[in-house]
Colleague: 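I'd like to ask some things about the structure below.
The residues of the chain are indexed from 1 along the displayed sequence.
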Amino acid sequence: MASGGLQLLGFVMAFLGWIGIIISTAMPQWKMASYAGDNIVTAQALYEGLWMSCAMQSTGQIQCKVYDSLLKLEGSLQATRALMVASILLGLVGIFVAVTGMKCMKCMEDDQVKKMRMAVFGGVIFIISGLAALVATSWYGNRVARAFYDPFTPVNTRFEFGSALFIGWAASSLAILGGSFLCCSCPRRETSYPPTRGYPKNASSTGKDYV
């Protein structure tokens, strides 16, 4: 029962991490730059994400623009996109595989060893999915930090970490931790002992003792 509870906890954590990865990928707040002009009324906040850039005025109005051309984007941004999409697809596969191996499901009940192996395989997929998202968000954050501390970057064009990065880091950690819990349900190998040999029974003497 304890392994079943750990398995269920791991699946819930990995599933929530997968949802967080989707939210982080769709959010435009991967990096943000806030600055005010000569007049405080014209203050605005600029956001840039994987798919679009947005500007929010002090009045609360938000204007977003989707990137026009894929070929004009930086190679690092395209690689970040690919890693996040791959993470989402791997997480989807991990869900189906892990559900098949869950103890609370009736699939493959006739072979418990294969059933637990499916749960472990689903956990491994979740770990790979979380690692892909972690690499993508960390790589993007490293680029933002290097550009921020670059002395040649103008002050009004420096960006900081956006909320999507923090969500991505938390979500990838959940996916990795949940996948690790699923891997803890790995079936143990049973030690095979040689069959015990019975002691030979003394043959009952049917004859009579003679002196």
Colleague: Nearest 0.5 Å, please: how far is CD in Q7 from SG in C183?
Modeller: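 Spacing of SG (C183) from CD (Q7) equals 10.5 Å.
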Colleague: Membership question, hydrophobic clusters at under 4.5 Å side-chain separation (ILVMFWY): are I127 and L89 in the same one?
Modeller: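 As far as the 4.5 Å side-chain criterion goes, I127 and L89 are connected within one cluster.
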Colleague: Determine, using the 4.5 Å side-chain heavy-atom cutoff (strictly less than), whether M52 and F159 are members of one ILVMFWY cluster.
Modeller: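 Each belongs to a different hydrophobic cluster.
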Colleague: Should F148 and L165 be regarded as members of a common hydrophobic cluster, given that ILVMFWY residues are connected when their side-chain heavy atoms come within less than 4.5 Å of each other, either directly or indirectly?
Modeller: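 No, F148 does not connect to L165 through the hydrophobic network.
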Colleague: Give a yes or no on this: more than 12 heavy atoms of other residues, nucleotides or ligands lie within 6.0 Å of atom CZ of F161.
Modeller: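 Enclosed: over 12 neighbouring heavy atoms sit under 6.0 Å from CZ of F161.
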Colleague: Compare all side-chain heavy atoms of I95 with those of F11 and state whether any distance is below 4.5 angstrom.
Modeller: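 Sidechains of F11 and I95: in contact.
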Colleague: Just verifying a value: how many Å separate I19 CD1 and I22 CD1, rounded to the nearest 0.5 Å?
Modeller: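 I19 CD1 to I22 CD1: 4.5 Å, rounded to 0.5 Å.
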Colleague: Between A14 and G179, which heavy-atom pair has the shortest distance, and what is it?
Modeller: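 For A14 and G179, the tightest heavy-atom pair comes out as CB-N, 4.2 Å.
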Colleague: To the nearest 0.5 angstrom, please state how far the CZ atom of R143 sits from the NZ atom of K31.
Modeller: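 Result: 6.0 Å between the selected atoms.
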Colleague: Please examine the side chains of W51 and P28, heavy atoms only from C-beta on, and report whether any two atoms are closer than 4.5 Å.
Modeller: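 Side chain of P28 against side chain of W51, heavy atoms only: no contact under 4.5 Å found.
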Colleague: Give a yes or no on whether L134 and L83 share a hydrophobic cluster (residues Ile, Leu, Val, Met, Phe, Trp, Tyr; joining criterion: side-chain heavy atoms under 4.5 Å apart).
Modeller: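 Result: no, two separate clusters.
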Colleague: Any side-chain hydrogen bond (donor to acceptor under 3.5 Å, both in side chains) pairs touching residues 15-30, not counting sequence neighbours?
Modeller: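 Output for this query is empty, none listed.
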Colleague: Side chain to side chain contact (heavy atoms under 4.5 Å, CB included) between I62 and Y47: does it pass, once the steps are laid out?
Modeller: CA-CA 10 Å; I62 302 177; Y47 303 98; over 6 Å; no
Colleague: If I take atom CZ from residue R146 and atom CG from residue N142, how far apart are they, to the nearest 0.5 angstrom?
Modeller: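 Here the rounded value is 5.0 Å.
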Colleague: Would W139 and I167 show up in the same hydrophobic cluster when neighbours are defined by side-chain heavy atoms closer than 4.5 Å?
Modeller: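 Different clusters: W139 never reaches I167 through Ile, Leu, Val, Met, Phe, Trp or Tyr contacts under 4.5 Å.
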Colleague: In a check of side chain to side chain contact (heavy atoms under 4.5 Å, CB included) between F96 and each of V99, V93, L92, which one passes?
Modeller: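 Option passing the side chain to side chain contact (heavy atoms under 4.5 Å, CB included) with F96: L92.
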Colleague: Check A133 against M84 and note the closest heavy-atom contact, atom names and distance.
Modeller: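 Taking every non-hydrogen atom into account, CA-SD, 3.9 Å.
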Colleague: Is a side-chain donor or acceptor of S138 paired with a backbone partner of V135 at a separation under 3.5 angstrom?
Modeller: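 Answer holds: no.
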Colleague: Taking the side chain as everything from C-beta on, heavy atoms only, tell me whether V124 gets closer than 4.5 Å to I128.
Modeller: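 Yes, side chains in contact.
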Colleague: For L6 versus C184, what's the shortest heavy-atom pair and its separation?
Modeller: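 Looking at all heavy atoms of both residues, the closest pair is CD2-CB, 3.7 Å.
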Colleague: Which heavy atom of L90 sits nearest a heavy atom of S129, and at what distance?
Modeller: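 Heavy atoms of L90 and S129 come nearest at CB-CB, 3.9 Å.
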Colleague: Looking at residues at least two apart in the chain, or sitting in another chain, which of them share a side chain to side chain contact (heavy atoms under 4.5 Å, CB included) with A171?
Modeller: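 If we apply the side chain to side chain contact (heavy atoms under 4.5 Å, CB included) test to A171, skipping adjacent residues, the hits are I21.
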Colleague: Quick one: pull up CG in L182 and CE in M118 and give me the separation to the nearest 0.5 Å.
Modeller: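 Between atom CG of L182 and atom CE of M118 there are 12.0 Å.
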Colleague: Side chains of M13 and F126: closer than 4.5 Å at any heavy-atom pair?
Modeller: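 In short, these two side chains do not touch, never coming nearer than 4.5 Å.
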Colleague: Answer yes or no: does atom CD of E160 have more than 12 heavy-atom neighbours from other residues, nucleotides or ligands under 6.0 Å?
Modeller: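 Check fails, neighbour count at 12 or below.
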Colleague: Around F166, counting heavy atoms of other residues, nucleotides and ligands shown, do more than 12 lie under 6.0 Å from its CZ?
Modeller: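 Enclosed: over 12 neighbouring heavy atoms sit under 6.0 Å from CZ of F166.
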